[in-house]
Each structure stands twice: as structure tokens, then as C-alpha cells.
Number of protein chains: 2
Amino acid sequence: MSENASTVAELLQSNFDNLTRAERQLSHSLMENYPVSGLGSITTVAQNASVSTPTVARMVQKIGFKGFPEFQAALRKEVEATISDPIAKHETWADQAPNEHIVNKFTEAVIDNIRHSLGQLDIDTFEKSCELMADTNRSLFIVGGRITRAMADYFFLHMQVLRKDVTHIQSISNAWPHYLLDIKKDDVVVIFDVRRYENSTLKLAEMAAEAGAKIILFTDQWLSPISKLAHHTFSLKIVVPSAWDSSVTTMLLVETIIADVQKRTWPETRERMEELEVMFDRTRFFRKFT
Amino acid sequence: MSENASTVAELLQSNFDNLTRAERQLSHSLMENYPVSGLGSITTVAQNASVSTPTVARMVQKIGFKGFPEFQAALRKEVEATISDPIAKHETWADQAPNEHIVNKFTEAVIDNIRHSLGQLDIDTFEKSCELMADTNRSLFIVGGRITRAMADYFFLHMQVLRKDVTHIQSISNAWPHYLLDIKKDDVVVIFDVRRYENSTLKLAEMAAEAGAKIILFTDQWLSPISKLAHHTFSLKIVVPSAWDSSVTTMLLVETIIADVQKRTWPETRERMEELEVMFDRTRFFRKFT
DNA sequence: GCAAATATGAAGAAAAAGTTTCAGAAATGA
DNA sequence: TCATTTCTGAAACTTTTTCTTCATATTTGC
């Protein structure tokens, strides 16, 4: 090989473009639990990646080895190096970059946010909230602010597939009265509000509360004033080395909730998804599945 | 074997008394560079210990394995444990909930996605991409798909503050020609495209490429077909225990990029942010800072 | 020191792993 | 859409590994 790559991982990466679909699948499987996943027989490796043995044989040749045994020998050497050098344990996330690189610093902070936020998460709040959101007898309204609107949109997009009666309250202030007309007692209003708490969002929360709706709030560790009106509050740590706050933790929680609600509404959701499938097919919106 | 030893090393030790001369020699050789030294073929292992292959075969049976392959499988498992343990796997994130609770399962998967994606991240791609996006001589266009539109919107929201000439290409297909008119040579087009790759997005990418724009692509591990047109591609792992894919990793990377671009454009950005401050004050958009 | 018991490795048999071929499947391009 | 190219895995084939046999070497007990 002309590359001067020193590890199999690097070889896999630098040749990724030249790999075929099955080979990429294999490549990913190998990286999955690198480098141990490549230590079994060629048959085992193939099975783990759900490809055939010839694919394995072909790929290792493609990335520069004479054959599978040579490839495996290289892996063994790496394992040896990793094991005998205890300091080289992954402390960095992007190991191509130094510890101080922003990618690693930022990720470090985000992981810390996640650890912190989940450590504080009240499971009962989580369960109860999911239950409310899965209850199709209640209409569901979703509201975001200036920055959190993307989050609200993302949540809406998924909930819309999972269940009926979901509304994204989008525009700022003007159109709200119309939405508010529709909010009935015991409906559920999900609000995203993080610091630089917005007046208008607070106003909407107040009106929703007056209408007798259940409010579920996603906010930061400093708690939006809406928390006084909310039935369930998720407070998340959002601090990162940036002029901005991070939404990663919020998104993690939102996705987890989506997964949980989906479990709860599965019979209904299943039908909806199948119908959606058919419609996508008919509109040729997507490419053929790859 | 009657022993309840859990590692090969323990088996070797507890059976040491019953071993013959050649077998002890082999045992020492194995412990020498444990457990990697036992990972080669039976012939290699035998040669390293200066004994014959039958000796190896006999000994592994003596200490309780059915044959050499089984012995080696046990070793591999130990290697795997040694390598993957220090990265603190199977950590409970929400400690109020059991390990199997969806919150923990989901988070585990997301962290794994992050680790995996960043491990593969090419730093040069990262730097070059940030440089392109920070270059105000180039107009910046941002495009998302059905699901990724929220992501695109989030990115747009921030970039809009950081620099001038940022456009979010929102609607599907109809309004594109107008946007495309504005895309000039060397402009930057950021595209989000994950599986269920969308035909329309691909078309747009093609047209942008024809116009001579630089394409930066955020996609999943299976690579959107746009990757062939893209100058820089970020492939992220997005698999979670859900019917949906996760956008958390993408968001992490997007936020990191925002932070980095901000550093690069700080002088210009600072002014913009201050002006924005003033405008917010005047519109009383936010509550007083709490 | 010598017979009996045990251990050892060369050589070949059996089994498994690795490689190559090739026909059908999938993707691509016109 | 259809022809062409490329990819993929079943199956045949080759190589290597693993296991077994057995003759020779070594140790042990007396």
C-alpha cells in the first residue's frame, strides 16, 4: 500500500471511499469493537458483519494486506500495543486531535452535561410525562422559543408520526390566540424555554395554565419562570465552552421520550407509519431504500 | 474442569502442579505476554515456547478446554474485556432507574455513537470545513431534509448571528431555483442528509456542485450519495434503540463547529452580537436577564 | 542400573480456515 | 426503460491449522 497508515483503523478510513456497500458494512463492524472484533476467524468476522467470507477476504486485500492472516497479524500487534501501554487508554474522543482541541473540549463538556442532567433526572417525572404525551385523548401542543424552536420542531416532527392531534405553535405571538382557542382542559402543552427566557413564552404558558392544560417544561438548570406553572419540569445542564448554550442534552432527552412514547402507542403508531410509508412511495419523495 | 477459575491465567496457575516439563515451559511463555501471546496459531504459540504443537494441544485440554480454538476464544474474550473496560462501559446514567431502563439504554447508545463518530472524525476535514464556513467572502447556504430540517434550522439560527450572507434553503423543491440562482462559484453549501436519503436533496446538491459551490455534507455511517459530490463529508453514527435515528451526534458536531467558527470570526461576530443585543432590548423580546 | 511408566515431537490424518471462481443480484448510466 | 457494469455470496477449491498416532526419549521407582 502506498499509504503510510500505521494502524488498520487508519487504513480502513483512508480507503473508505473505495469500498463497496458490503465492504463498508464490514468496515463499520470492525470499527465497532476495534480491534478485538477482527480477532476471530474470517468466518466469524464475516458473520458479525453479516457479509460473506469472500467480502472479508476481498476487503483486506483491497486495503493493502496480502490476505486475512496478514491482516489479523497486524491487528494482533495493535492489540498488544494497546494492552501493554496502559496510558494509551482512550481519554480523548477524537483521537486524531490533541486533548485541548475544541472537539475534545466541547465533547467533554457535553458528556458532563449529560451525566449531570441524567443524574438529576426524576424517573417518575419521565414516566408520567411520557404517559401524558402518549395519551391520545389529550391534544398535544408544542412550543419553542427563538433558539429552541428547532428543538420544538424536531420533537413535533416525530410526535406527528406517532400520534394524532399534535400541533406545533410556531409563530411569535400574533397567531397564538387562535391556537389558544383550541387548548382544552387536560390537554398537554410541551414548552421549551432556556435562558434568555422569553416573555412571550411565559405569557403563553400562563394562558395555557388558565385553560387547564398540563404543562411539561424543558428548561435549563436555572429554571425558567414557567416551572412554577408546569406539572412536570425537566431541568438540563447546557453549559459548553462557547458563547452559546448546548442543546445536545435536551435532544438526547427528547429522543428518549420519543422512543418511550412510541413503545406506549405502538399499535396506533404502527398503522400511521405504514400509511406514511405508502404515501412516501407514491410521492417518490425518497430514493429507493439502500 | 472442576475449578471455578474465570481466567485462563488462573487455570494455568491452579493446574501448574499437574503440568509436565514442556507444558510448564509453555505455560510460562503464555504468561510472559499475557494474554496476547496466546492469540496466534497453535504453531506460533508452540514455537514461541519452543515446544511442539501436540504439547500445546494436550495442555489446553488438560486445563479444561475442549481444544485449542476454544482456549483461544476464551483468551479473546479476556482481551476484549481488558480493552473495553477502562472506557467505563455499562455505566448507569440515570441512577434512579435500573440499567435496563430506556433512559439508560438510550443514553448508552448515544454515548457509543459519539465515541464512535468522533473516533473516526478526520480533524483536517473539521478544520477545513470550519475555515470555509468562517470565510465571509463566500455566501453560506444551509439545506436539510424532512427530518434533518430541524438540524439545518438550528445551525442556520446560529450561523446567522455569527456572520453575514447565510441562507437557509427551506422549502421543498419549488422555491429552489430562486436560491440556486444565488449560488456562485466557491460559495459554501452545507447539506444534512441521513438515511432515507432524499432525491430532492441530491438534485439540489448536484445543481450546487455544477454551480461550482463547495459542498459540506453531514450524513450517517452509510453515506448519502451526495458524498461523491461533497468536498468535506462528516459521517456520523446515529443508531439508537428506537424506530428512529438519533440526531444527537450530529448536533454535537454542529455545535462544536459553531463554537469553532465563532472563534474564527470573533471580531466581526462580536459587533453583530452587540447590535443584536440592542435590538432585543428595544423589542422587549426577552425578559430582563435573570 | 534397569524395567516400567510417562512425556515428547515428527509425521500424517482430519478438520477448519482462507481463497478463488462464477452466476445471479444490484446499481449505474444511457 | 433496458443494457452494461459492478457487486455479492454460494460453492468449489486450496491452504493452513489442529488433532491424533506412534516411535523415541526421558523420567521414575525399585
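What's counted below: heavy atoms across the whole structure, side chains too, no hydrogens, waters or symmetry copies.
For the pair A:Gln47 CD and C:dA16 C1', the interatomic distance rounds to 13 Å; values are reported in whole Å. Between B:Gln72 atom CD and C:dA15 atom P the separation is 20 Å, expressed in whole Å. Rounded to whole angstrom, the span from the NZ atom of A:Lys62 across to the P atom of D:dT6 amounts to 12 Å. One can place CE of B:Met59 at 12 Å from P of D:dC19, the figure rounded to the nearest angstrom. With rounding to whole Å, A:Arg24 atom CZ is found 10 Å from D:dT8 atom P. Rounded to an integer number of Å, the gap from A:Asn18 CG to D:dC7 C1' is 15 Å. When the C1' atom of C:dG18 is taken as reference, atom CZ of A:Phe68 falls 9 Å away, rounded to whole Å. We find that NZ of A:Lys66 is positioned 13 Å from C1' of C:dG18, with the value rounded to whole Å.
The side chain of B:Gln25 contributes no N or O atom lying less than 4.0 Å from OP1 or OP2 of C:dT8. Side-chain nitrogen and oxygen atoms of B:Thr43 include none within less than 4.0 Å of the OP1 or OP2 phosphate oxygen of D:dT16. At least one side-chain nitrogen or oxygen of B:Thr55 sits closer than 4.0 Å to the OP1 or OP2 atom of C:dG9. Dashed line: the shortest gap from a side-chain N or O of B:Lys228 to OP1 or OP2 of C:dT28 is under 4.0 Å.
In the set D:dC19, D:dT18, C:dT21, the nucleotide with an atom closest to the side chain of B:Ser41 is D:dT18. Comparing atom distances between the B:Arg58 side chain and each of C:dG9, C:dG18, D:dT18 picks out C:dG9 as nearest. Counting only heavy atoms from C-beta on, A:Pro69 has its side chain closest to C:dG18 among C:dG18, C:dT8, D:dT8. Of the candidate nucleotides C:dT8, D:dT18, C:dT21, D:dT18 has the atom nearest to the side chain of B:Ile42.
Salt bridge absent: B:Asp187 and B:Lys214 never bring a charged side-chain N and a carboxylate O closer than 4.0 Å. Looking at B:Lys237 and B:Asp220, no side-chain N of the basic residue comes within less than 4.0 Å of a carboxylate O on the acidic one, giving no salt bridge.
Taking 4.5 Å as the limit, some side-chain heavy atom of B:Ile257 sits within range of a side-chain heavy atom of B:Leu253.
Side-chain atoms of B:Thr55 and B:Ser52 form a donor-acceptor pair, as typed in the model, at a separation below 3.5 Å.
A cation-pi contact, defined as under 6.0 Å to the ring centre and within 45° of the axis, links A:Arg24 to A:Phe16.
Axis angle across the helix from C:dG1-D:dC30 to C:dA30-D:dT1, with five pairs used at each end and values rounded to 10°: 40°.
Comparing A:Val51 and B:Ala57 against DNA chain D, the residue whose closest nucleotide sits nearer the 5' end is A:Val51. The nearest heavy atom of DNA chain C to A:Thr44 and to B:Arg21 marks one nucleotide each, and the one closer to the 5' end goes with B:Arg21.
Checked against the 6.0 Å centroid criterion, the rings of B:Phe126 and A:His101 qualify as a close aromatic pair. Here the two rings, on B:Phe218 and B:His232, have centers that are 6.0 Å apart or farther.
Heavy-atom minimum distance, B:Ala208 versus B:Ile215: CB-CD1, 4.4 Å.
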